[in-house]
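Note that the structure is predicted; figures quoted are calculated from it, not measured. Quick note: numbers below take in every heavy atom, side chains included, and nothing from hydrogens, waters or symmetry partners.
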Amino acid sequence: MRVMISRSLASLLCALPLLVLAAIDVYEFDSPEQEARFRSLTQELRCPKCQNQSIADSDADISGDMRARTAQMIRDGHSDREVVDFFRERYGDFVSYRPPLAANTAVLWLGPGIVLLFGGLLIFRLMRRAARAADQDDDDLPPPETH
């Protein structure tokens, strides 16, 4: 019985690396630079199915297809811009974590600056009002007594 359990366990341990390899996409590139571009692009592109996951992190079928297409386009000599533009045409600006500055994305780009500007103006006015109130309180005090 022990021998049978040992053999079963050994067989399972031998098959485990094969199971792990089956779940990982393997892409071959001509150079380490191409592989680095692939890793960068797959982190930059968002999965259309999964919310807030890059195609590198997503297990969705569409992300697998997008990774394969990205690898193929890199091997075919397309630039990073061309790869991103290809997916943007197909899935819209949502697919990129860095959307372009356009009318429909202006709030994303300009919103933080506008909020910071109005917040700074509000703080400035409140501080100025508090300083004026403190000056008026000093003026309302009776003059010091002289002996």
Side-chain angles (χ1 to χ4, degrees), residues 1-140:
M1 182 73 171
R2 271 187 163 175
V3 173
M4 191 170 170
I5 291 174
S6 297
R7 285 185 183 170
S8 298
L9 189 58
S11 298
L12 182 65
L13 288 175
C14 289
L16 192 59
L18 296 174
L19 293 173
V20 171
L21 286 176
I24 298 173
D25 296 332
V26 179
Y27 301 103
E28 291 188 22
F29 297 98
D30 296 335
S31 68
E33 179 187 80
Q34 284 184 341
E35 187 174 347
R37 286 181 52 213
F38 173 78
R39 289 177 195 262
S40 173
L41 282 169
T42 55
Q43 288 293 330
E44 183 181 328
L45 294 169
R46 185 189 323 230
C47 174
K49 185 175 180 182
C50 308
Q51 294 293 319
N52 295 325
Q53 269 191 319
S54 70
I55 63 170
D57 299 332
S58 174
D59 292 331
D61 290 340
I62 193 167
S63 289
D65 293 343
M66 290 173 71
R67 286 191 299 268
R69 181 69 179 175
T70 301
Q72 185 61 45
M73 289 181 78
I74 288 172
R75 283 191 294 259
D76 290 345
H78 292 273
S79 69
D80 292 357
R81 181 79 179 175
E82 290 172 333
V83 173
V84 172
D85 286 346
F86 171 80
F87 287 114
R88 220 180 256 151
E89 282 181 25
R90 186 168 264 200
Y91 301 108
D93 289 333
F94 173 80
V95 78
S96 176
Y97 281 113
R98 289 186 278 170
L101 179 57
N104 62 343
T105 60
V107 172
L108 292 173
W109 287 99
L110 303 176
I114 291 170
V115 168
L116 189 64
L117 180 68
F118 281 115
L121 285 173
L122 180 66
I123 290 171
F124 177 74
R125 291 186 77 186
L126 289 174
M127 289 177 66
R128 216 167 120 188
R129 184 179 298 165
R132 266 195 237 145
D135 287 343
Q136 282 184 347
D137 287 345
D138 289 344
D139 292 343
D140 293 341

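The two residues Glu82 and Ser79 come nearest to each other via the heavy atoms OE1-N, 2.9 Å. Taking all atoms of both residues into account, the shortest heavy-atom contact from Ala102 to Thr105 is N-OG1, 2.9 Å. Of all the heavy atoms in Ala56 and Gln43, the pair that sits closest is CB-NE2, 3.4 Å. For the residue pair Gln34 and Ile74, the shortest heavy atom distance occurs at NE2-O, 3.6 Å. For the pair Met66 and Arg46, the tightest heavy-atom approach, listed with the atom from each and the gap, is CE-O, 4.1 Å. When all heavy atoms are compared, the tightest approach of Tyr27 to Ala71 is CD2-CB, 3.7 Å.
From Phe29, atom CZ reaches atom CZ of Arg39 across 8.5 Å, with rounding to the nearest 0.5 Å. Note: Glu89 CD to Asp85 CG = 6.5 Å, rounded to the nearest 0.5 Å. To the nearest 0.5 Å, the span separating CG on Leu116 from CG on Leu121 amounts to 10.0 Å. Between atom CG of residue Leu45 and atom OG of residue Ser54 there is a gap of 8.5 Å, rounded to the nearest 0.5 Å. Atom OH of Tyr91 sits about 12.0 Å away from atom NZ of Lys49, to the nearest 0.5 Å. With rounding to the nearest 0.5 angstrom, the CD1 atom of Ile55 is 10.0 Å from the CD1 atom of Ile62.
Considering only heavy atoms from C-beta on, Ser63 stays 4.5 Å or farther from Gln53 through its side chain. For the pair Arg81/Val84, no side-chain contact is recorded, criterion being any heavy-atom separation below 4.5 Å from C-beta on.
Under a 4.0 Å N-O distance rule, the pair Asp135/Arg132 does not qualify as a salt bridge. Salt bridge annotation for Arg37-Glu33: absent, with no cationic side-chain nitrogen under 4.0 angstrom from a carboxylate oxygen.
Evaluation of the salt bridge (charged side-chain N to carboxylate O under 4.0 Å, His left out) test over residues 54-69, restricted to residues two or more places apart or in two chains, returns Asp25-Arg67.
Other residues, nucleotides and ligands contribute more than 12 heavy atoms inside 6.0 Å of the CZ atom of Phe94.
Between the Ser40 side chain and the Ala36 main chain, no donor and acceptor come within less than 3.5 Å of each other.
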Checklist line | salt bridge (charged side-chain N to carboxylate O under 4.0 Å, His left out) assessment of Asp30 paired with Arg75 | finding: CA-CA 7 Å; Asp30 296 335; Arg75 283 191 294 259; over 6 Å; no
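Of the candidates Thr42, Asp76, Leu41, Val83 forms a side chain to side chain contact (heavy atoms under 4.5 Å, CB included) with just one, namely Leu41.
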